[in-house]
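In what follows, a single structure is set out as structure tokens and then discussed.
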Amino acid sequence: MTRSAPSPPGARLAAVLRELKARTGLSLAQLADATTFSKSSWQRYLNGGSLPPRSAVVELCRLAGEPADRPLALLDIARTDRTSHDPEPATTEPPVPPGTPGSPAGEGTGSPPETPPPATVPTDTTASGTAPIDPAPADTAPAHPSPFPHRRTTVLTALAALLALALGALVLLHLPPPHREQAQPVPTPAASTTGPLCRHRSCQGKDPLTTRCGAGPQTLAEHETATGAWVQIRYNPVCGASWARMWGTALGDRVEFRAGGTDGRVHGARVTNRTEADTYVHTLMSVVDLRTSLQACFVPAAGGPKECFGAVAGVTTAGTAP
């Protein structure tokens with residue numbers, strides 16, 4: 001059941017999923033063809049109408065070439081928030097059959113209560129002088145029927161339901177394939193429609209998302225800052241360009257990226273709103289060649305020293321301390 005409005009953790013997750021979809025360069029229909037989830041399901045996940053399963057998040061991250069750790073963590077937070085706000089079901093104790101130990105009727109010796117004797121009808125004579133015939137005593141039902149027939153009926157009903165489900169599954173397995181599978185398969189999008197929109201010099205100073213260079217890049221190095229934010233140096237060999245991005249930030253935090261040493265041009269990006277703080281912020285791209293020196297710096301809004309680390313284009317290394 002979907003919510004009328006997503007919770008704050010659900011909204012943050014939906015924003016991350018939308019950014020991942022933008023990096024794939026796929027439409028909703030193409031995304032549904034490339035994954036095991038339908039177009040309507042992806043529409044709900046991306047709009048925050050419902051929380052996606054973990055496998056959907058993993059498939060989207062795989063198509064976008066991004067690690068799934070942070071989106072999965074946001075999914076766990078959103079699920080925990082939904083669980084904590086759902087009302088707990090009221091618990092009721094099952095009724096105790098009368099006549100059993102512990103019930104009011106079974107207290108004492110544990111024997112069933114005595115049935116009062118039937119009322120006697122005084123004999124009288126009719127006008128003819130003959131005595132009326134006493135009516136036959138009515139059969140009296142036991143005061144407390146045994147619960148075992150009811151339990152037997154419940155067990156039989158459950159077995160019948162399981163048998164019906166098994167038969168239904170067998171019927172579904174032997175049904176002919178639906179018409180949708182008989183239709184022509186949707187062709188896989190060609191590289192010209194999903195690949196990068198720029199190469200090398202034409203990528204200089206452009207956004208990696210709008211140019212599709214952000215789909216399937218390499219992470220050359222990453223660094224966790226003293227404030228808990230993360231900064232990565234990214235590189236796409238097809239585009240021949242590199243850039244920096246950060247997440248887990250606060251309003252006003254800034255990242256700077258330079259390629260080619262001290263003479264290289266600096267591209268910067270700053271967190272300006274809450275949505276950017278909850279997702280990713282990235283710089284514009286710099287055109288690089290193999291073995292070009294790269295540097296990313298984090299400047300915290302709260303003050304403190306600038307934290308910088310470096311990498312080399314085409315060479316994947318671990319993050320370094322500031």
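Quick note: numbers below take in every heavy atom, side chains included, and nothing from hydrogens, waters or symmetry partners.
- With no hydrogens or angles considered, no side-chain donor-acceptor pair links S55 and E59 at under 3.5 Å.
- The closest side-chain heavy-atom distance from L74 to R70 is below 4.5 Å.
- In terms of modelled atom types and a separation under 3.5 Å, the side chain of N236 and the main chain of V238 share a donor-acceptor contact.
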- Let me see the working for K306 and E256 under side-chain contact (heavy atoms from CB on, under 4.5 Å), right down to the final yes or no. CA-CA 10 Å; K306 178 188 296 188; E256 298 176 352; 3.3 Å; yes
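- For the pair Q218/P237, a side-chain contact is recorded, criterion being any heavy-atom separation below 4.5 Å from C-beta on.
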- Can C308 and C297 be said to form a disulfide (SG to SG under 2.5 Å), step by step? CA-CA 4 Å; C308 299; C297 295; 2.0 Å; yes
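- The closest side-chain heavy-atom distance from I233 to S242 is below 4.5 Å.
- Counting all heavy atoms, side chain and backbone alike, L209 lies closest to D207 at N-OD1, 2.7 Å.
- Here W247 and Y280 bring their ring centres to under 6.0 angstrom of each other.
- A perpendicular orientation is assigned to the rings of F37 and W42, their planes being inclined by more than 60° (bins at 30° and 60°).
- In this structure, the side chains of F257 and L294 come closer than 4.5 Å at one or more pairs of heavy atoms.
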- Task: Go through E66 and R234 one step at a time and tell me if the salt bridge (Lys or Arg N to Asp or Glu O under 4.0 Å) criterion holds.
- Result: CA-CA 11 Å; E66 297 289 342; R234 309 279 274 174; 2.5 Å; yes
- Kindly indicate, with the supporting measurements, whether the criterion disulfide (SG to SG under 2.5 Å) is fulfilled by C203 and C239. CA-CA 7 Å; C203 295; C239 297; 4.5 Å; no
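- Proximity of a side-chain donor or acceptor of T24 to a complementary backbone N or O of L26 within less than 3.5 Å is detected.
- At least one side-chain heavy atom of L51 sits under 4.5 Å from a side-chain heavy atom of R79.
- With D76 contributing its side chain and A73 its backbone, the two residues share no donor-acceptor pair below 3.5 Å.
- Judged by distance alone, the side chain of R18 and the main-chain N or O of L46 form a donor-acceptor pair under 3.5 Å.
- Within the 4.5 Å cutoff, side-chain heavy atoms of R54 are placed close to those of L75.
- Side-chain atoms of R245 never come within 3.5 Å of backbone atoms of Q232 as a donor-acceptor pair (strictly under, hydrogens ignored).
- Between the side chain of R12 and the backbone N or O of V16 there is no donor-acceptor pair closer than 3.5 Å.
- Here the side chains of V271 and M246 are in contact, with some heavy-atom distance below 4.5 Å.
- Ring centers of F309 and H223: under 6.0 Å apart, within the cut-off.
- Between P300 and T227 the shortest heavy-atom distance is CB-CG2, 4.2 Å.
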- Task: Go through the steps for L63 and T35 under the test side-chain contact (heavy atoms from CB on, under 4.5 Å), then give the verdict.
- Result: CA-CA 9 Å; L63 293 175; T35 62; 3.7 Å; yes
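- For the pair T249 (side chain) and D253 (backbone), a donor-acceptor distance under 3.5 Å is absent.
- Remark: the backbone N or O of A313 is not paired with any side-chain donor or acceptor of T292 at under 3.5 angstrom.
- L197 places none of its side-chain heavy atoms less than 4.5 Å from the side chain of K206.
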